[in-house]
Chemist: 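Questions regarding the structure given below will be posed in turn.
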Amino acid sequence: MDMNNFISAPFWTELLVKFGANIIEFIAVVIIYFVLKRVGSKIIARSFDRYKQRRDVSSNRIYTLEKLTASAYTYVLFFIFLVLAFNAFGLPTASLIAGASVIGLAVGFGAQGLVSDVVTGFFILLEKQIDVGDYVTTAGFGGIVEEVGLRTTKIRSFDGTLNYIPNRQIATVSNHTRGNMRALVDLGIAYEENVDDAITVIQEACNQAAENDDRIKEGPDVVGVQAFGSSDIVIRVIAQTENMEQWAVERDLRKAIKWALDTNNIEIPYPHQVNIDKNA
């Protein structure tokens with residue numbers, strides 16, 4: 001074979017032209033990928049908006065399903081992009097599939113956790129255990145659910161920490177946002193005060209609060225004497241509130257009850273300090 005012919009100018013010209021065509025095709029595939037990803041995301045968002053308007057489904061549930069659908073669409077689109085990228089450089093698609101099969105078989109035993117994540121995530125969504133926006137406690141974390149995916153669930157703690165929890169670790173879930181929530185207020189009065197009078201005053205304050213607060217769904221009611229403290233008698237108040245409003249209602253109830261007790265000269269005990277003048 002003549003080496004001069006092998007390295008002749010036509011050979012390199014043809015090689016560069018072919019390589020340039022492959023690069024152009026690859027760039028076109030990349031552009032199409034990002035265009036389809038953006039257009040598909042908008043179509044998914046609009047579809048779920050229309051679905052929400054037609055069906056009586058909570059916004060949190062719609063948002064959860066929308067995120068999941070968008071994630072699945074992205075995975076499928078990326079796989080198609082890899083196939084087209086292989087074709088752009090003249091690589092057979094069969095080799096990609098065969099390679100994926102070999103790799104999948106090799107890591108199959110090590111990827112049991114990933115499979116468990118996907119299966120668990122599927123049943124979490126199917127059984128509607130949690131939705132985006134719910135306040136839950138699971139896997140040792142408590143907070144607001146920001147995203148439910150096929151592999152991980154994101155929970156934002158109240159201190160701002162974002163926790164990424166593999167779905168397989170979600171063995172039990174305590175969902176605090178299904179139905180009304182309980183507001184509980186314990187307060188102490190001095191042993192010298194009349195308990196019946198104090199309960200009457202507290203209940204009147206609770207009734208007034210219920211009339212002016214739409215967040216309160218039931219009560220508030222004075223349960224009675226809860227405990228005997230070292231320097232006070234503890235009285236408990238319970239109310240049913242809207243989801244996620246229990247803490248705000250508790251704060252407002254404490255303020256209203258404190259004002260009512262002060263107005264009726266009922267003492268709330270607190271530490272006293274006595275200064276003794278040794279020179280007297």
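Nothing here was measured: the structure is a model prediction, and the numbers come from that model.
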Chemist: Please enumerate all residues that pass ring pair (Phe, Tyr, Trp, His ring centres under 6.0 Å) together with Phe141, with sequence neighbours excluded.
Modeler: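 Counting only residues at least two positions away or on another chain, Phe141 forms no ring pair (Phe, Tyr, Trp, His ring centres under 6.0 Å).
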Chemist: Using a 3.5 Å distance criterion without hydrogens, assess whether the side chain of Asp213 forms a donor-acceptor pair with backbone atoms of Ala209.
Modeler: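 Such a contact is absent between Asp213 side chain and Ala209 backbone.
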Chemist: So, does Gln246 use its side chain to make a donor-acceptor pair with the main chain of Arg182 at under 3.5 Å?
Modeler: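 No, Gln246 side chain to Arg182 backbone: no donor-acceptor pair under 3.5 Å.
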Chemist: Compare all side-chain heavy atoms of Leu162 with those of Lys154 and state whether any distance is below 4.5 angstrom.
Modeler: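 Yes, their side chains come closer than 4.5 Å.
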Chemist: Check whether any side-chain heavy atom of Asn175 lies under 4.5 Å from a side-chain heavy atom of Gln129, and answer yes or no.
Modeler: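 Heavy-atom side-chain distance check fails, nothing below 4.5 Å.
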Chemist: Just checking, is any N or O donor in the side chain of Glu211 or Asn207 under 3.5 Å from an acceptor N or O on the other one?
Modeler: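 No pair is found: no donor N or O on one side chain lies under 3.5 Å from an acceptor on the other.
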Chemist: Could you give all pairs that pass the ring-ring contact (aromatic ring centres under 6.0 Å, His included) test and reach residues 214-257, with sequence neighbours left out?
Modeler: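 Sorted result for residues 214-257: Tyr135-Trp247, Phe158-Trp247.
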Chemist: Using side-chain contact (heavy atoms from CB on, under 4.5 Å), reason through Met244 and Met181 one step at a time and then give a plain yes or no.
Modeler: CA-CA 7 Å; Met244 304 303 294; Met181 299 301 295; over 6 Å; no
Chemist: Going by the side chain to side chain contact (heavy atoms under 4.5 Å, CB included) test, name the single residue among Ile235, Thr200, Ile238, Val185 that passes it with Val222.
Modeler: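 Passing option: Ile235.
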Chemist: More than 12 non-hydrogen atoms from neighbouring residues, nucleotides or ligands closer than 6.0 Å to CZ on Phe34, yes or no?
Modeler: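 12 or below, so no.
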Chemist: Measure the shortest side-chain to side-chain distance between Thr153 and Thr138 over non-hydrogen atoms and say whether it is less than 4.5 angstrom.
Modeler: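 Counting from C-beta outward, Thr153 and Thr138 never come under 4.5 Å.
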Chemist: Are any of the side-chain heavy atoms of Val148 and Asp131 separated by less than 4.5 Å?
Modeler: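 They are not in contact (no side-chain heavy atoms under 4.5 Å apart), so the answer is no.
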Chemist: Might you point out which heavy atoms bring Ala139 and Gln169 nearest each other, and give the distance in Å?
Modeler: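 Of all heavy-atom pairs spanning Ala139 and Gln169, the closest is CB-O, 3.7 Å.
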